[in-house]
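Below is one structure; the comments refer to it alone.
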Amino acid sequence: MKNKLPNILIFLFCSLIGSSQTTGDLVDIEQQNIKTWKTDKEKYYGTYSFGFSENESELRIFGNDTITIAQHKYISWNGKGWDKKYITFTNVKINDSKFYSDQYNGVFIKFKTYDEGEIIEGLHLEKYLTFQYRGKNEKGGEIGNKNKTYIEGKYPKSSTSILSYNYLNSLNIDKLNIMRNEIFARYGYKFKEGGKMNNYFSNQDWYYGQNKNVNELLTIIERKNIIRIKQIEKEKR
């Protein structure tokens with residue numbers, strides 16, 4: 001089996017009580033093969049995939065000793081095409097194997113697939129993250145499997161960790177400018193038509209400008225990095 005399990009939707013009815021759990025045609029999981037995953041906090045950081053097809057979404061979790069970020073990334077149909085959407089959870093904490101936030105709570109788990117017996121790391125949320133199933137029987141919640149994190153652009157760490165001043169000082173002003181604006185570009189910020197940043201990001205296959213203002217989408221980590229980058233840019237002018 002490939003490292004990335006197909007994006008799965010796992011219903012855990014009655015708080016994981018039952019002889020067998022299933023995702024329909026994708027994978028079967030027996031209750032006895034679901035265990036609490038206990039490890040160091042930073043090993044929980046990563047991307048957890050929920051749903052499948054047009055209902056596919058990601059929950060990205062990352063941070064450091066003092067900050068934990070959880071951000072839900074999904075797509076939404078606007079009547080003409082698909083838009084990328086982001087919801088940043090608030091008051092996020094990881095305590096032992098438990099995940100807490102104002103929006104969702106859950107527990108980190110490991111489970112063994114029924115077909116090939118591969119052990120998968122995942123996050124069991126108490127409520128459905130997948131929009132299609134909200135409002136239905138949510139007693140069991142939903143599981144997302146942990147996958148490799150992919151963040152668009154040349155400088156993905158600007159969205160996942162607070163960058164050191166030493167590192168930022170090692171970059172020239174053009175790279176700093178791209179790094180700072182790349183944070184906005186990931187959220188689909190529309191740059192000034194004909195401008196330097198618009199010309200640059202329009203040539204990136206991952207970029208799609210759709211939003212006039214993305215400030216409310218920025219995480220604490222991204223806001224701190226923008227401030228730091230601006231400081232270094234000012235010093236280098």
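Here the structure is a predicted model, which means the values were calculated and not measured.
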side-chain hydrogen bond (donor to acceptor under 3.5 Å, both in side chains) partners for [X], two or more places apart:
X: Asn211; value: none
X: Thr90; value: Asp102, Gln103
X: Asn198; value: none
X: Thr149; value: Thr47

Output all residues satisfying side-chain contact (heavy atoms from CB on, under 4.5 Å) with [X], sequence neighbours left out; order by chain, then residue number.
X: Thr219; answer: Ile69, Gln71, Thr88, Tyr187, Ile221, Glu222
X: Asp40; answer: Glu42, Lys43
X: Lys93; answer: Tyr100
X: Thr68; answer: Lys41, Tyr45, Ile61, Val92, Ile94

Problem set entry | Any residue meeting salt bridge (charged side-chain N to carboxylate O under 4.0 Å, His left out) with Lys196, in chain and number order, not counting sequence neighbours |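 Asp174.
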
Exercise. Which residues pass the ring pair (Phe, Tyr, Trp, His ring centres under 6.0 Å) test with Tyr189, sequence neighbours left out?
Worked result: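 Checked Tyr189 against ring pair (Phe, Tyr, Trp, His ring centres under 6.0 Å); matches are Phe191.
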
Problem set entry | Residue pairs passing the ring pair (Phe, Tyr, Trp, His ring centres under 6.0 Å) test where at least one lies in residues 155-185, sequence neighbours excluded |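 As it turns out, there is no ring pair (Phe, Tyr, Trp, His ring centres under 6.0 Å) pair with a partner in residues 155-185 once direct neighbours are skipped.
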
Problem set entry | Selection residues 147-159 - residue pairs positive for salt bridge (charged side-chain N to carboxylate O under 4.0 Å, His left out), sequence neighbours left out |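 Matches after skipping sequence neighbours: Lys73-Glu152, Lys84-Glu152.
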
